[in-house]
There are 2 protein chains.
Amino acid sequence: MIQPRTLKGFRDHLPAQALARERVLDIARRVYRSYGFAPIDTPALEYLEVLTGKGSDETDKQLYRFTDHGGREVGMRFDLTVPFARFAAQHVNELGLPFKRYHMATVWRGENTQRGRYREFMQCDFDTIGTTSGVADLEMVLVVHDLLAAIGIERFSIRVNDRRVLAGVLERLGLADRATGVLRSLDKLAKAGAEAVAAELAGQGVAAEAVAALLEMARLAGPPAEVLAGLATLVGDSATGRAGVAGLEEIVAGAAAVGVPANRLVIDPSIARGLDYYTGIVLESFLDDLPSLGSICSGGRYDNLAGLYTKQPLPGVGASLGIDRLLAGLEELGQGTTVETPAELFLAYFEADRLPDYLRIAAALRRAGLAVEFFPEPKKLGQQLKLAAKRGFRGALIIGGEEFATGTAQLKNLATHASTTIDWHGDVGVLVDAVCSCRAGLDAV
Amino acid sequence: MIQPRTLKGFRDHLPAQALARERVLDIARRVYRSYGFAPIDTPALEYLEVLTGKGSDETDKQLYRFTDHGGREVGMRFDLTVPFARFAAQHVNELGLPFKRYHMATVWRGENTQRGRYREFMQCDFDTIGTTSGVADLEMVLVVHDLLAAIGIERFSIRVNDRRVLAGVLERLGLADRATGVLRSLDKLAKAGAEAVAAELAGQGVAAEAVAALLEMARLAGPPAEVLAGLATLVGDSATGRAGVAGLEEIVAGAAAVGVPANRLVIDPSIARGLDYYTGIVLESFLDDLPSLGSICSGGRYDNLAGLYTKQPLPGVGASLGIDRLLAGLEELGQGTTVETPAELFLAYFEADRLPDYLRIAAALRRAGLAVEFFPEPKKLGQQLKLAAKRGFRGALIIGGEEFATGTAQLKNLATHASTTIDWHGDVGVLVDAVCSCRAGLDAV
């Protein structure tokens with residue numbers, strides 16, 4: 001006998017988890033589509049040379065790689081950005097530009113599981129490539145907003161900055177050539193604190209005055225207009241810096257125009273994002289009630305997506321929803337769900353010779369748009385209802401011999417145990433109408 | 001520069017293909033859920049011992065396998081049944097029985113691509129385990145029916161048989177101990193023809209009379225009642241055979257009770273399904289207009305799902321939609337689609353200083369449930385509309401300086417080039433109502 005077990009760092013999704021994930025994926029799909037992003041998919045396996053050297057040394061090390069049947073060196077994708085770069089270079093002529101895609105798929109990283117990370121997880125990316133327009137930047141912000149709102153999160157903040165603002169400030173401080181190191185240090189501010197970052201910057205040879213200016217910048221907070229005014233002062237006459245501030249002003253104005261609540265959009269000069277390839281707007285987003293979770297949706301603008309695969313420059317902007325992190329956060333906030341069934345109604349079975357009637361009733365309810373589970377065996381009613389309650393069904397429809405004889409039915413709320421009698425006079429249409437009219441309020445039956 | 005390419009046997013899904021696949025996945029999800037099947041997911045990678053020796057020698061050979069970072073021998077799943085067996089054994093106590101799950105996910109097989117097969121494809125399985133009830137068998141047939149109908153296929157046949165009928169006939173012919181070989185031969189009937197199968201059976205030492213009886217059985221055709229009568233004669237007093245015939249009678253009666261059109265359900269004694277583990281009902285389904293495509297949805301009942309992982313017997317019944325084969329078939333029948341966008345409406349952009357107005361209009365249309373792509377740059381209108389038409393947008397909303405000044409808009413049908421003028425008097429609500437009222441008929445604008 002073989003022991004049934006999953007690999008370390010991998011996990012099964014049981015119905016409650018799988019349903020929660022499908023709900024968010026469905027919402028993401030709907031929101032991405034509502035802006036015209038189109039789905040694509042790429043293989044889980046790529047030529048190793050497509051994947052290596054694209055992320056960091058760490059992602060190279062974490063790569064699942066092997067030699068396939070044909071002697072090819074292959075790897076499993078570790079993110080959706082590198083495959084998208086390869087995809088865009090390969091198909092750009094067919095696709096046309098600008099091109100907007102979403103991609104929701106599994107990725108694999110042989111991470112150290114002691115950090116509570118999984119080796120298999122989903123990413124939900126969306127990107128617009130082939131345009132440098134600020135409208136695409138704004139759209140990224142709006143999509144993230146609509147997405148988090150549609151998921152049902154009330155209190156969240158989208159924190160936005162622009163790499164050009166950072167570059168402008170560094171230029172003014174004479175640190176333009178040390179941008180990478182300085183940004184990596186600033187990026188640690190939230191986790192490591194100001195003192196540690198100041199020490200790290202000093203260690204890089206940044207003068208005390210410049211360190212103070214950088215921390216002042218990172219500490220700017222308040223209403224967007226105030227923060228933007230502070231940044232305008234700090235970038236001075238740096239053209240790059242001013243372009244960055246102007247870009248952020250457009251974001252604030254555009255978000256206000258479409259009614260994004262002001263408290264959900266924050267200009268946060270401390271957001272740098274560690275990755276080198278961002279060149280314009282950068283974005284992170286947080287649950288206000290659980291900021292320690294970290295960013296649940298992050299992204300930004302990059303100058304060139306696919307420079308390793310094509311000479312055609314493909315500027316773009318996009319973000320990625322960390323769906324597994326978000327679901328963990330919702331669970332921690334008590335907003336998770338333990339419902340194990342996608343169906344609203346449980347139809348009990350206990351008169352074997354009435355099988356055709358049960359089948360007709362179930363079929364009619366389904367045709368009316370109600371998901372119905374019919375228990376497959378005429379077992380004891382208590383046993384059936386116990387399983388239905390465990391699975392989180394909201395309501396159970398009970399029709400036994402007596403009910404069939406009198407043309408009635410019991411609609412039972414499995415949480416409150418309250419029952420409603422339906423008189424359907426043996427007319428399935430009447431029964432369906434009665435059940436459907438209770439649908440929205442099955443909880444309150 | 002690295003050449004952007006996919007591995008042999010792997011492919012990218014561009015938007016038109018990805019949209020077609022998402023449409024079918026979405027329908028499958030909805031139909032499976034409507035019967036109470038709940039989603040699950042399992043890892044792409046499993047311990048090698050979980051995967052090997054479960055399918056056939058061929059699947060063992062085709063397995064993508066390697067040694068992971070921790071020195072574990074691992075493999076990529078080649079179907080969803082073996083991982084489900086492992087999953088069920090591992091979690092059965094949490095899940096409760098009967099348990100109904102669906103699983104739609106990617107699998108990998110290092111197949112010979114010369115047969116036009118891909119090495120990466122999706123499966124969409126659903127199964128009910130923990131019950132031997134014929135209601136679960138019937139439900140499988142109904143789900144397959146509802147699924148194919150919901151996909152929009154008009155002409156299809158679900159061909160059903162029962163392994164017990166075959167066993168009964170073999171028992172009567174004194175061939176019970178050679179069942180596997182005989183069934184494998186019979187399974188080739190459609191492809192190889194009666195003569196080849198007769199020769200193969202004779203080669204196995206089956207007497208001429210028995211060969212004739214087997215071929216007579218396989219050739220039984222016509223209305224279910226007639227075929228069932230013929231089978232009843234052939235099985236005689238074999239208890240197993242009679243149970244099989246009774247099971248098929250229940251399927252026919254149940255399907256009729258819920259209104260499955262009679263021409264879509266065929267009792268086909270030639271259906272054996274090569275796999276050894278089926279023990280009761282077996283099912284295949286075909287597009288009537290493209291039978292050469294082969295079965296697009298197949299399944300059956302098995303005595304024990306997870307005998308290799310647990311001592312608890314887990315009988316079950318289920319089927320799998322071959323989504324990639326189905327999509328290829330629909331395309332071959334001219335029922336594919338070349339639409340590359342999920343959005344219904346294209347909003348052109350050509351008055352840069354009206355950006356906030358465009359944004360407000362797009363947001364209001366989205367709030368009304370319309371998916372809208374807003375072009376990110378105020379380029380020449382002709383260029384924007386050309387891209388929109390290429391992508392398959394049904395309609396474009398055009399509001400230039402003059403339209404803003406007069407409170408009008410042009411709603412253009414991109415297929416017919418016909419235009420409708422909307423008077424919205426600068427009131428976005430009026431514009432949204434007008435566009436939405438054209439929604440269903442955007443094609444006919």
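In what follows, chains carry the letters A, B, and so on, assigned in the order in which the sequence lines appear, proteins first and then strands, with residues in each chain numbered from 1.
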Would you call [X] and [Y] a side-chain contact if the rule is heavy atoms closer than 4.5 Å?
{"X": "A:F99", "Y": "B:P15", "result": "yes"}
{"X": "B:P342", "Y": "A:Y32", "result": "no"}
{"X": "A:P43", "Y": "B:D12", "result": "yes"}

Tell me, side chain or backbone of [X] under 4.5 Å from chain B's heavy atoms, or both, or neither?
{"X": "A:L95", "value": "both"}
{"X": "A:V74", "value": "side chain"}
{"X": "A:E139", "value": "side chain"}
{"X": "A:R21", "value": "side chain"}
{"X": "A:A85", "value": "neither"}
{"X": "A:L48", "value": "neither"}
{"X": "A:Y102", "value": "side chain"}
{"X": "A:E46", "value": "both"}
{"X": "A:T106", "value": "neither"}
{"X": "A:K311", "value": "both"}
{"X": "A:R72", "value": "side chain"}

Chain A heavy atoms under 4.5 Å from [X]: which part of the residue, side chain, backbone, both or neither?
{"X": "B:R86", "answer": "both"}
{"X": "B:L138", "answer": "side chain"}
{"X": "B:I2", "answer": "both"}
{"X": "B:A256", "answer": "neither"}

#### Entry: Interatomic distance, A:S133 atom OG to B:Y349 atom OH [nearest 0.5 angstrom]
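A:S133 atom OG to B:Y349 atom OH measures 6.5 Å (nearest 0.5 Å).
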#### Entry: Between CG on residue B:D68 and OH on residue A:Y64, distance to nearest 0.5 Å
5.5 Å
[X]/[Y] ion pair, N-O < 4.0 Å:
{"X": "B:R5", "Y": "A:E49", "answer": "yes"}
{"X": "A:D41", "Y": "B:R11", "answer": "no"}
{"X": "B:R366", "Y": "A:D146", "answer": "no"}
{"X": "A:E22", "Y": "B:R33", "answer": "yes"}

### Task
Could you check whether the rings of B:F66 and A:F66 sit parallel, tilted or perpendicular, using 30° and 60° as the cut-offs?
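Rings of B:F66 and A:F66: parallel, under 30°.
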### Residues B:L14, A:H91; criterion side-chain contact (heavy atoms from CB on, under 4.5 Å); working and verdict
CA-CA 9 Å; B:L14 273 67; A:H91 304 293; 3.9 Å; yes
If you count heavy-atom pairs under 4.5 Å with chain A, which of [options] comes out on top?
{"options": "B:P39, B:A363, B:A38, B:A257", "answer": "B:P39"}
{"options": "B:A16, B:A306, B:G96, B:S34", "answer": "B:S34"}
{"options": "B:L387, B:T341, B:D357, B:V135", "answer": "B:V135"}

#### Entry: Test log, rule side-chain contact (heavy atoms from CB on, under 4.5 Å), inputs A:L45 and B:F10
CA-CA 8 Å; A:L45 292 179; B:F10 289 77; 3.6 Å; yes
